[in-house]
Amino acid sequence: MAAKRILLGITGGIAAYKSAELVRLLKKAGHSVRVVMTRGAEAFVTPLTFQALSGEPVRTSLLDPEAESGMGHIELAKWADQVVIAPASADFIARLAQGMADDLLTTLCCATEAPIAIAPAMNQAMWGNNRTQRNIRLLQEDSQICLWGPDQGQQACGDTGPGRMLEPAELVGLINHDRSQGPLAGKQVIITAGPTREPIDPVRYISNHSSGKMGYALAAAAHDAGADVILVSGPVNIPVPAGVEVRHASTAEDMLRESSAAVDAGCDLFVASAAVADYRPETCVGDKIKKSSDQMSLSLVRNPDTLATIAAREDAPFTVGFAAETSDVAHYATEKMQRKKLRMIVANDVSTPGLGFNSENNAVTVFWSDGQESIGPDSKQQIAARLVALIAEHLERAGC
Ligand code: PMT
């Protein structure tokens, strides 16, 4: 594990007392730590504690003439390999989401190019509040920012629920996580996700219930495993995982074009989790179709198959497909794997309520030429983590 230069921001909340243990553990793990405290934080814990633990002066003010004689805040922003804000209060989260720079910590967050991780800590009602959640969504759309926690449980005010800061040891585990040692380190990975929309007229389309959650969880897991990840995504309403590049595709034809262009630029592993419409209307009329008779029929034509096209390339990457089935799952999935010339296929039985399409959880069986493994039921994040580990094993075995 490489020693890092950690800039720890502490904001005003009772969980600030845990930040002392966090500094101690970070120093023990060999990291350099510099601490910046907001005025709110100083009401809970003293700079002296953090100076003693970090062995560095603690900064509290943006307009400190002595520290700023050499543009101290810019020097500090450039020094950091990783910024961690723990605890991050609702107020700090709101100011960060707005891009404010009205104290030293928010200014550093604007000035740094290092990744910023925030560990929220607040009362469960404050965490659940619409405005806090809106700010969190804004931050999740920012690829520089990563959300660590919060945890659930008993709170200092007596409430129970989400809003507890992750424990210092958990935060150290996340800081120590070294992508460069992950099983997909250095690999170019392309993942398709979400539905496609095939236009009928300017206001209507054919689509399906895919939310993109499975594919986005896979992208996050592949990124955590060290890969450079491009998500080719249909229209969805969920945030792009930190560090992942997204290319938007609305129709099946867009999906093929964007995927092929991404593969042209270099790809070691292609995973197709998108629910691509097999057919599209033969024509998309320019004006909204009017009600005229009691029945109408649409003429549909076959869409291009992105997965099969990528797998058939001379320079095909290691290609993994999904198969969403409602019956005879193993039979149809393995048939698809052979017909589309895939290395592996993830069979998804989408007939069980609460699993598969547009849900938080899933259960899958992965097939390859001479084996299989069932994963779940579990959260899509857990399924994605195991899938990535399994695919990485096979990728290595294939010498790709
Ligand atoms: O998005 P979520 O709500 O999280 O739901 C996840 C999921 C159920 C969509 C996902 O787990 C899943 O099963 N994805 C595959 C859905 C699908 O369209 O399966 P299929 O059996 O029709 O297609 C087989 C494979 O060919 C898939 O990898 C698909 O991406 C690919 N394909 C299909 C048609 C086409 N024109 N182009 C393709 O690339």
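Given the structure is predicted, the values throughout are model-derived calculations rather than measurements. Order of listing sets the numbers, starting from 1, for every ligand and every atom in it.
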Asks: Can you pull the side-chain hydrogen bond (donor to acceptor under 3.5 Å, both in side chains) pairs that have at least one residue in residues 37-53, sequence neighbours excluded?
Replies: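 Of all non-adjacent pairs touching residues 37-53, those that pass side-chain hydrogen bond (donor to acceptor under 3.5 Å, both in side chains) are Thr46-Thr49.
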Asks: Would you mind listing every salt bridge (Lys or Arg N to Asp or Glu O under 4.0 Å) that reaches into residues 388-400, with sequence neighbours excluded?
Replies: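 For residues 388-400: Arg386-Glu393, Glu393-Arg397.
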Asks: Would the distance check show the side chain of Thr326 and the main-chain N or O of Ser351 forming a donor-acceptor pair, the cut-off being under 3.5 Å?
Replies: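 No, the answer is negative, given that no donor and acceptor are paired below the 3.5 Å cut-off.
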Asks: For ligand 1, find each of its N or O atoms that sits under 3.5 Å from a protein N or O atom, and tabulate the pairs with distances to one decimal place.
Replies:
| residue | atom | partner | partner atom | Å |
| --- | --- | --- | --- | --- |
| ligand 1 | 1 (O) | Ser210 | OG | 2.6 |
| ligand 1 | 1 (O) | Ser211 | N | 3.2 |
| ligand 1 | 1 (O) | Gly212 | N | 2.8 |
| ligand 1 | 3 (O) | Ser211 | N | 2.8 |
| ligand 1 | 3 (O) | Ser211 | OG | 2.6 |
| ligand 1 | 3 (O) | Asn358 | N | 2.6 |
| ligand 1 | 4 (O) | Ser211 | OG | 3.4 |
| ligand 1 | 4 (O) | Lys213 | N | 3.3 |
| ligand 1 | 4 (O) | Met214 | N | 2.8 |
| ligand 1 | 4 (O) | Lys380 | NZ | 2.7 |
| ligand 1 | 11 (O) | Asn348 | OD1 | 2.6 |
| ligand 1 | 13 (O) | Asn348 | OD1 | 3.4 |
| ligand 1 | 14 (N) | Ser273 | O | 2.9 |
| ligand 1 | 19 (O) | Ala324 | N | 3.4 |
| ligand 1 | 21 (O) | Ala324 | N | 3.3 |
| ligand 1 | 21 (O) | Lys336 | NZ | 2.4 |
| ligand 1 | 26 (O) | Lys340 | NZ | 2.9 |
| ligand 1 | 28 (O) | Ala272 | O | 2.7 |
| ligand 1 | 28 (O) | Phe322 | N | 3.0 |
| ligand 1 | 28 (O) | Phe322 | O | 3.1 |
| ligand 1 | 30 (O) | Ala274 | O | 2.6 |
| ligand 1 | 36 (N) | Pro304 | O | 2.9 |
| ligand 1 | 37 (N) | Thr306 | N | 3.2 |
| ligand 1 | 39 (O) | Thr306 | N | 3.4 |
| ligand 1 | 39 (O) | Leu307 | N | 2.9 |

Asks: What donor-acceptor contacts under 3.5 angstrom involve side-chain atoms of residues 135-146, with partners at least two apart or in another chain?
Replies:
| residue | atom | partner | partner atom | Å |
| --- | --- | --- | --- | --- |
| Asn135 | ND2 | Arg131 | O | 3.1 |
| Asp142 | OD1 | Gln144 | N | 2.9 |
| Gln144 | NE2 | Thr112 | O | 2.9 |
| Gln144 | NE2 | Ala114 | O | 2.8 |

Asks: Of all heavy-atom pairs between Pro47 and Met37, which one has the smallest distance, and what is that distance?
Replies: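 In this case the closest contact between Pro47 and Met37 is CA-SD, 3.6 Å.
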Asks: Would you name the heavy atoms of Ala274 and Ala193 that are closest together and state the gap between them?
Replies: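 What the structure gives for the nearest pair is CB-N, 3.6 Å.
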